[in-house]
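Some notes on the structure that comes next.
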Amino acid sequence: MTPAATFYLQDAETVARALVGATLLVDGVGGLVVETEAYDHEDPASHSFGGRTARNASMFRAGGCAYVYRSYGIHWCLNVVCGPAGEGSAVLLRALEPTHGLDRMRARRGIDEARLLCSGPGRLCQALGVDASQDGLPLDAPPFALILPERPVPLATGPRIGISKGVATPWRFGLAGSRFLSRPFR
DNA sequence: CAAATGATCTACT
DNA sequence: GTAGATCATTTGA
């Protein structure tokens, strides 16, 4: 099904929950979304907290676009922008269960284990070939394809990873029991 | 203009 | 388990 444009205009937490179990493809390579994190403009841990800057400009677009940024100088991270234009909410995609184009992922990552191909934001982007050239692109047009889950999936919830502020906000969501998570839920 | 920081990953002890 | 890699962006002088 083609995602309704209004789906991505909802708040970050709602979209983050709904994206677990979705299928993401970039140029035909991708898989099942098993881990997400929500960030909104009122969240001290969010890039959009404190206003719009040159780097996070695409995070302030209307929901349904990609927001790609470089982390720790080395890695790329892929976000799904959500909420109305100008708000600054997004959902970080942290892990996929690879289902399409496994051979191309292995070639890009240089490893064999399917479990390690996309289990982490930086790994995910390397496996799918995501970089700054995809920043701001709509997710419902090539090379992207994002198919929402047909039915609800069992959800695990927990605190977000790798941040120093807003740690108490339990906005990390995962597919319960999946072994492709970047870290297990308790 | 200079310095610090970060939504991470890999390799090594 | 712990430290290093590596750089764009942000903040302060």
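We name chains A, B, ... by the order of the sequence lines, and we start the count at 1 in each one. Worth knowing before you read on, the calculation uses all heavy atoms, side chains too, and leaves out hydrogens, waters and symmetry mates.
The stretch residues 115-127 of chain A comes close to DNA chain B through Gly120(A), Pro121(A), Gly122(A), Arg123(A), each having a heavy atom under 4.0 Å from the strand. Interface residues of residues 153-165 of chain A facing DNA chain B, ordered by number: Ile161(A), Gly162(A), Ile163(A), Ser164(A); criterion, heavy-atom separation under 4.0 Å. Of the residues in residues 30-48 of chain A, those with a non-hydrogen atom less than 4.0 angstrom from any atom of DNA chain B are Tyr39(A), Ala45(A), His47(A).
Put simply, chain A comes within 4.0 Å of DNA chain B, heavy atom to any atom, from dG6(B) to dT10(B), going 5' to 3'.
With sequence neighbours left out, the side chain to side chain contact (heavy atoms under 4.5 Å, CB included) criterion links Arg61(A) to Ser58(A), Cys65(A). For the side-chain hydrogen bond (donor to acceptor under 3.5 Å, both in side chains) test, residues two or more places apart in sequence or in another chain that qualify with Arg55(A) are His47(A). Every side-chain hydrogen bond (donor to acceptor under 3.5 Å, both in side chains) that Gln126(A) has, sequence neighbours left out, goes to Arg109(A). Residues satisfying the side chain to side chain contact (heavy atoms under 4.5 Å, CB included) test with Ile74(A), not counting sequence neighbours, are none.
For residues 119-136 of chain A, there are no salt bridge (Lys or Arg N to Asp or Glu O under 4.0 Å) pairs, not counting sequence neighbours.
Using a 4.0 Å heavy-atom distance criterion, Arg109(A) is classed as a sugar-phosphate-only contact.
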Both atom distances under 3.5 Å, Watson-Crick or G-U wobble: I'd like the secondary structure of DNA chain C as a dot-bracket string, with | for pairs made across strands. |||||.||||||.
Sugar-phosphate atoms are those with a prime plus P, OP1 and OP2; base atoms are the rest. Using that split, label each nucleotide of nucleotides 5-13 of chain C B, S or - for protein heavy atoms under 4.0 Å, 5' to 3'. BBBSSS---
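Summarising the hydrophobic clusters (Ile, Leu, Val, Met, Phe, Trp, Tyr; side-chain heavy atoms under 4.5 Å, direct or chained), the residues clustered with Phe185(A) are Val20(A), Leu32(A), Val34(A), Val153(A), Leu155(A), Trp171(A), Phe173(A), Leu175(A), Phe180(A), Leu181(A).
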